[in-house]
Amino acid sequence: MISQILTASIIGLDVYKILVEVDINNSLPSISIVGLPDTAISEAKERIRSAIKNSGFEFPNKKVVVNLAPADIKKEGSNYDLPIAVGILAKNNIIETHNFNNTAFIGELSLDGSLRSISGVLPIAAGLKEQGITTLIVPFDNAKEAAIVTGIKVIGAKNLVEIVNHFNTQSPGHKALEPIISDINEYMKSNKTNDNGFDFKDVKGQLKAKKAMEIAAAGGHNLLMSGSPGSGKTLLAKCFASILPPLTFEESIELTKIYSISSLVDPKNPLIVTRPFRSVHHTASAIGIIGGGSIPKPGEITLAHRGVLFLDEFVEFPRAVLEVLRQPLEDGKIVIARAKMRLEFPSDFILIAAMNPCPCGYLGDSEKKCTCSEFQIKQYRSKLSGPLLDRIDIVIDVPRLNLNELMDKAEQPAETSAQIRERVIKARNIQLERYKSLGIYTNSELTPKLIKKFCVLDEESKDLIRSAVQRFNLSARAYDRLLKLSRTIADLDSSKNIQSKHIAQAIQYRSIT
């Protein structure tokens with residue numbers, strides 16, 4: 001009778017239950033693995049043979065056939081080492097009790113039989129739990145991460161010997177492994193904003209830019225800054241992370257799944273509790289930003305999910321790279337299509353972009369004269385297409401600081417990030433309460449149907465927004481985004497309804513486009 005061991009395959013963020021079938025035949029000694037394995041799995045033959053022998057167990061001197069079912073799913077990675085080894089040990093009667101119903105195994109083996117950590121443990125644990133698996137055995141270094149998922153018993157093992165002892169408890173000196181428990185509350189206590197050492201109190205002047213960033217953080221709106229070199233655009237962007245509200249538990253789990261499959265989780269603190277701030281250099285490729293590759297992995301826009309994607313020197317990015325942002329900015333997700341698969345990664349992020357107004361950087365500067373021709377300026381800005389700008393809610397000018405601001409001679413001290421964050425959290429809580437039954441978190445996620453319901457205007461506001469649409473020739477998308485921006489400004493003002501003053505303020509942040 002063959003031995004059957006459960007494990008899992010992860011493609012994108014989707015988890016598939018895999019059955020590892022092991023049979024041993026009286027034939028020439030060899031190991032054969034079938035079922036659409038990749039190179040890493042094919043190379044596992046020698047790792048598994050050495051791991052079993054070096055753990056003190058006998059490896060069968062016969063032909064070992066391993067089938068990974070279903071055979072139409074591509075299997076990739078080294079996490080099949082452990083289930084294959086356990087299947088061989090069970091078939092060879094080394095593990096006395098091999099009734100592994102509702103128990104799954106994942107892990108990579110070293111030559112000495114110890115278990116190495118793998119990526120993607122959290123989404124695997126969550127996916128297997130949904131498919132009825134009650135127990136999951138993983139490498140000890142991955143156990144805390146897997147145990148974040150409630151409702152499934154997680155056992156962490158350091159080597160093959162511990163696993164054999166765990167199932168052979170009737171033998172003298174053998175002891176079952178204790179389940180691992182992760183203290184979710186302890187992880188969430190450290191839930192805080194991105195403390196990267198930057199604070200708005202250290203930003204001199206730029207009151208309009210600071211207010212624009214407060215609105216962007218409160219409603220999840222995209223923002224573009226244009227200004228001379230040294231005006232503070234990059235510093236403002238770095239400070240932006242410090243005013244974002246803490247993650248909810250659901251958002252933390254969502255982010256941890258993404259970072260887990262990208263091998264970016266700290267084993268000691270496996271739960272992501274800080275909103276991501278991803279700063280991308282303008283030499284990044286389109287695949288690096290949107291994700292993909294031969295083995296599709298999340299790109300920067302997915303790693304920035306529920307956080308910030310900062311693109312400095314915005315117009316220095318190739319136009320083809322900028323255009324791939326259009327769908328994620330609109331839909332909050334990215335779809336990667338391949339010949340045999342179609343993967344979907346979440347990408348609901350806030351885009352913060354910074355650019356100079358012209359190639360030399362001094363167009364409109366109060367102190368230094370621009371040396372660019374009209375043709376150069378037009379060509380420089382041509383990388384920013386109308387459809388892309390339509391998806392950016394706030395466009396502001398960040399002017400050069402005057403001498404008093406530069407010498408820090410302001411009449412009043414600047415607000416701290418903590419003070420601004422309090423207002424942002426208050427506005428976010430209003431939105432969470434308003435949209436609690438709709439599955440969205442911020443005003444920026446409103447659909448056209450929801451805009452009609454939650455962005456009701458009085459006659460004065462309608463007249464104001466009508467004139468703005470005609471004056472600036474706004475598209476239907478820009479019109480909707482203007483309403484969503486007005487809704488956020490009203491929330492910051494603790495106003496139940498959108499008023500004309502909120503519309504007027506929103507128009508100021510759209511007028512440059």
Side-chain angles (χ1 to χ4, degrees), residues 7-16 18 37-41 43-44 47 74-83 104-110 114-128 136-149 154 156-158 180 182 187 190 194 247 251-281 284-285 287-307 309 334 336 338 341 343-347 349:
T7 186
S9 175
I10 184 166
I11 302 176
L13 289 174
D14 297 324
V15 176
Y16 300 89
I18 302 296
D38 71 346
T39 304
I41 299 173
E43 291 176 348
R47 286 199 303 272
K74 179 73 173 177
K75 287 79 176 184
E76 298 168 333
S78 57
N79 57 314
Y80 296 92
D81 289 9
L82 178 58
F105 299 78
I106 53 172
E108 177 184 339
L109 286 170
S110 297
S114 59
L115 287 171
R116 289 178 173 168
S117 60
I118 60 170
S119 59
V121 169
L122 181 66
I124 287 175
L128 289 176
L136 179 62
I137 297 181
V138 300
F140 187 79
D141 290 341
N142 289 125
K144 282 188 175 181
E145 180 186 339
I148 291 173
V149 179
V154 175
K158 296 179 180 178
I180 301 296
S182 283
Y187 292 143
S190 62
N194 195 326
L247 289 167
E251 288 176 321
S252 290
I253 292 292
E254 191 178 19
L255 271 175
T256 306
K257 289 181 179 180
I258 295 168
Y259 277 69
S260 179
I261 65 174
S262 303
S263 303
L264 296 175
V265 170
D266 180 3
K268 296 180 180 177
N269 299 287
L271 188 65
I272 304 295
V273 295
T274 303
R275 292 190 183 273
F277 181 88
R278 306 292 298 185
S279 181
V280 183
H281 195 264
S285 67
I287 290 179
I289 291 178
I290 68 171
S294 57
I295 302 175
K297 293 291 184 182
E300 289 294 333
I301 60 173
T302 301
L303 294 175
H305 183 60
R306 301 298 180 193
L309 179 69
I334 181 71
I336 300 173
R338 294 292 182 265
M341 68 178 73
L343 301 178
E344 184 178 298
F345 291 119
S347 57
F349 59 91

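Predicted model, so just to flag it, every value in this text is computed and none were measured. Start at 1 with the first residue, then count along the sequence. Hydrogens, waters and symmetry mates play no part in the numbers below; they use all other heavy atoms, side chains included.
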Looking only at non-hydrogen atoms, find the nearest pair between [X] and [Y] and report the distance.
X	Y	answer
Ile118	Glu108	CG2-N, 3.8 Å
Asp141	Ser117	CB-CB, 3.9 Å
Asp81	Arg47	OD2-NE, 2.8 Å
Lys75	Tyr80	CG-OH, 3.3 Å
Gly291	Ile336	C-CD1, 3.6 Å
Pro346	Leu13	CD-CD1, 3.5 Å

Evaluate the side-chain proximity of [Y] to [X]: yes if any heavy-atom separation is below 4.5 Å, no if none is.
X	Y	value
Pro270	Leu122	no
Pro276	Tyr259	yes
Thr302	Ile334	yes

Main-chain N/O of [Y] paired to [X] side chain as donor or acceptor, under 3.5 Å:
X	Y	answer
Asp38	Gly77	yes
Thr256	Ile272	yes
Thr7	Phe105	yes
Ser9	Tyr16	no
Ser252	Val273	no

What distance separates [X] [atom1] from [Y] [atom2], expressed to the nearest 0.5 Å?
X	Y	atom1	atom2	answer
Leu128	Ile106	CG	CD1	7.0 Å
Phe349	Ile301	CZ	CD1	5.5 Å
Ser114	Lys158	OG	NZ	11.5 Å
Asp266	Glu145	CG	CD	10.0 Å
Leu303	Ser347	CG	OG	11.0 Å
Arg116	Ser110	CZ	OG	3.5 Å

When you look at Asn79 and Ile10, which way does the side chain to side chain contact (heavy atoms under 4.5 Å, CB included) test go after all the steps?
CA-CA 10 Å; Asn79 57 314; Ile10 184 166; 5.9 Å; no

Is it true that atom CZ of Phe140 has more than 12 heavy atoms of other residues, nucleotides or ligands lying nearer than 6.0 Å?
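Atom CZ in Phe140 is not packed in, count stays at 12 or less.
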
Step by step, work out the side chain to side chain contact (heavy atoms under 4.5 Å, CB included) result for Val138 and Val154.
CA-CA 7 Å; Val138 300; Val154 175; 4.1 Å; yes

